[in-house]
Protein chains: 2
Amino acid sequence: MNEMANPAPDYETALREAGMRITRPRRIILAILSEAGDHPDAMEIFRRAVEIDRGISLSTVYRTMKLLEGIGAIHRHAFEGGPSRFEPAAGDHHDHLIDIDTGDVIEFQSDRIEELQQEIARALGYDIVHHRLELYGRRRRRK
Amino acid sequence: MNEMANPAPDYETALREAGMRITRPRRIILAILSEAGDHPDAMEIFRRAVEIDRGISLSTVYRTMKLLEGIGAIHRHAFEGGPSRFEPAAGDHHDHLIDIDTGDVIEFQSDRIEELQQEIARALGYDIVHHRLELYGRRRRRK
DNA sequence: ATGCAATTGCAAATTGTTTGCAATTGAAGG
DNA sequence: CCTTCAATTGCAAACAATTTGCAATTGCAT
């Protein structure tokens, strides 16, 4: 139960602080990410990047994604039956509802579910490192 | 949370009813599945199968898995960072807690969480077709 | 038994992602 | 600014998981 402003995350600073160089390909990819309202996959990011600089390679997209994931700047989601999709890590934690017809991703959050997960893990003798909760659904036909 | 007896499912009958032939490779794979207490991946099933009949091919394992999945006899789980793993569909619905150190899979079930998922989807205008809830954790060190 | 479509094994194709390598380039220091 | 050099890039090839084409084999309904 919360709103989620998306304060275009300052990737460049984050990268600098992690000791990495700001290159042209990276700058372009970062721009694409901060503008993305959806959850694009590597190929889609690549397509958008090529439109800005024809020289960019898919490998660089993948490498940059891994890098950003490594410093915690983005999250990678391996939804069912498709390539990994990415989203800026800015904002609160949330889970995903995937529209199985369109591929659209809707974010949601439930403190109650998180609590229950903790309880369950604890009861089984585990500490949760992370979790994955994805609902795959179809838009309800309102008639 | 609950325990789960595993009443060796009658795959052969299920296959017959689906109009499929009972071949030697299939019989072997089915036997492996009904004996499996774990959640083996295709390669592991293949290894176990080869031990019974050296002639079996990995493609056949994959094809048979897809078939069984199709008739709802098994479930496929694509846990993070590894190949798909399979389990007999017999027994109640449950979710999974994956031990990130050992790969062990622990099954659990929470009606409350299922309810909350329904509520959430409904509130967003969706019907849930299926869902995926996986907890990735580490055994708590008891001191 | 017989016949034929279903199934198999094998190799090659696909998909998503990673990697080796030689060429390029950011950025720190003079 | 100019040099220097490791970090980064593009490209092609390598990879891992899974699927597929095809010719040979085999269930199983007659």
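Model, not experiment: these values are computed from the prediction. Residue numbers begin at 1 in each chain, while the letters A, B, ... track the order of the sequences.
Comparing D:dG10, D:dC22, C:dT18 by their nearest atom to the side chain of B:R63 picks out D:dC22. The side chain of A:R76 approaches C:dT17 more closely than any other nucleotide in the set D:dT19, C:dT8, C:dT17. Closest to the side chain of B:P25, out of C:dT7, C:dG26, C:dT8, is C:dT8. Among the nucleotides D:dT8, C:dA27, D:dC11, the one closest to any side-chain atom of A:M20 is D:dT8. Listed nucleotides: D:dC11, D:dT19, C:dG16. Nearest to the side chain of B:Y62: D:dT19.
Closest of all the heavy-atom pairs between B:G72 and B:A89 is O-CB, 3.2 Å. A pairwise comparison of heavy atoms in B:E134 and B:I98 identifies CB-CD1, 3.9 Å as the closest pair. Considering every non-hydrogen atom in both B:T60 and B:P25, the closest pair reads CG2-CB, 3.8 Å. Nearest approach of A:A18 to A:I71, heavy atoms of both residues: CB-CG2, 3.7 Å.
Put simply, CD on B:E12 is 9 Å from P on D:dC28, counting in whole angstrom units. The separation between B:F79 atom CZ and D:dA16 atom C1' is 19 Å, rounded to whole Å. With rounding to whole Å, B:R16 atom CZ is found 9 Å from D:dC28 atom C1'. Here the P atom of nucleotide C:dT24 and the CD1 atom of A:I56 are 18 Å apart, to the nearest Å. What separates CZ of A:R26 from C1' of D:dT8 is a distance of 6 Å, to the nearest Å. The CZ-P distance, from A:F46 to D:dT9, rounds to 14 Å in whole Å. In this entry the distance linking CG of B:L30 with C1' of C:dT7 reads 14 Å, nearest Å. Atom pair A:L58:CG and D:dA13:C1' shows a separation of 14 Å (rounding to whole Å applied).
Mapped onto DNA chain D by nearest heavy atom, B:R27 and B:A42 fall at different nucleotides, with B:A42 at the one closer to the 5' end. DNA chain D is contacted by both B:D41 and B:R21; B:D41 maps to the nucleotide lying nearer its 5′ end (nearest heavy atom per residue).
Ring centroids of B:H93 and B:H131 are separated by less than 6.0 Å, placing the two rings close together. For B:H96 and B:F79, the gap between ring centers is short of 6.0 Å.
Counting non-hydrogen atoms under 4.0 angstrom, A:G55 reaches the backbone sugars and phosphates but no base. If you check every strand for non-hydrogen atoms under 4.0 Å, B:T23 touches sugar and phosphate atoms only. Nucleic acid contact class of A:M43 (heavy atoms, under 4.0 Å, all strands): none.
Looking only at atom types and distance, the side chain of A:H39 has a donor-acceptor partner in the side chain of A:E87 under 3.5 Å away.
Note on B:S84: a side-chain N or O is less than 4.0 Å away from OP1 or OP2 of D:dT18. Contact check, A:K66 against C:dT17: no side-chain N or O comes under 4.0 Å of OP1 or OP2.
When each of B:L135, B:L97, B:D95 is paired with B:I106, the side chain to side chain contact (heavy atoms under 4.5 Å, CB included) condition holds for B:L97 and for no other.
Computed from C1' positions of five pairs at each end, the angle between the two local axes of the helix from C:dA1-D:dT30 to C:dA12-D:dT19 equals 30°, rounded to 10 degrees.
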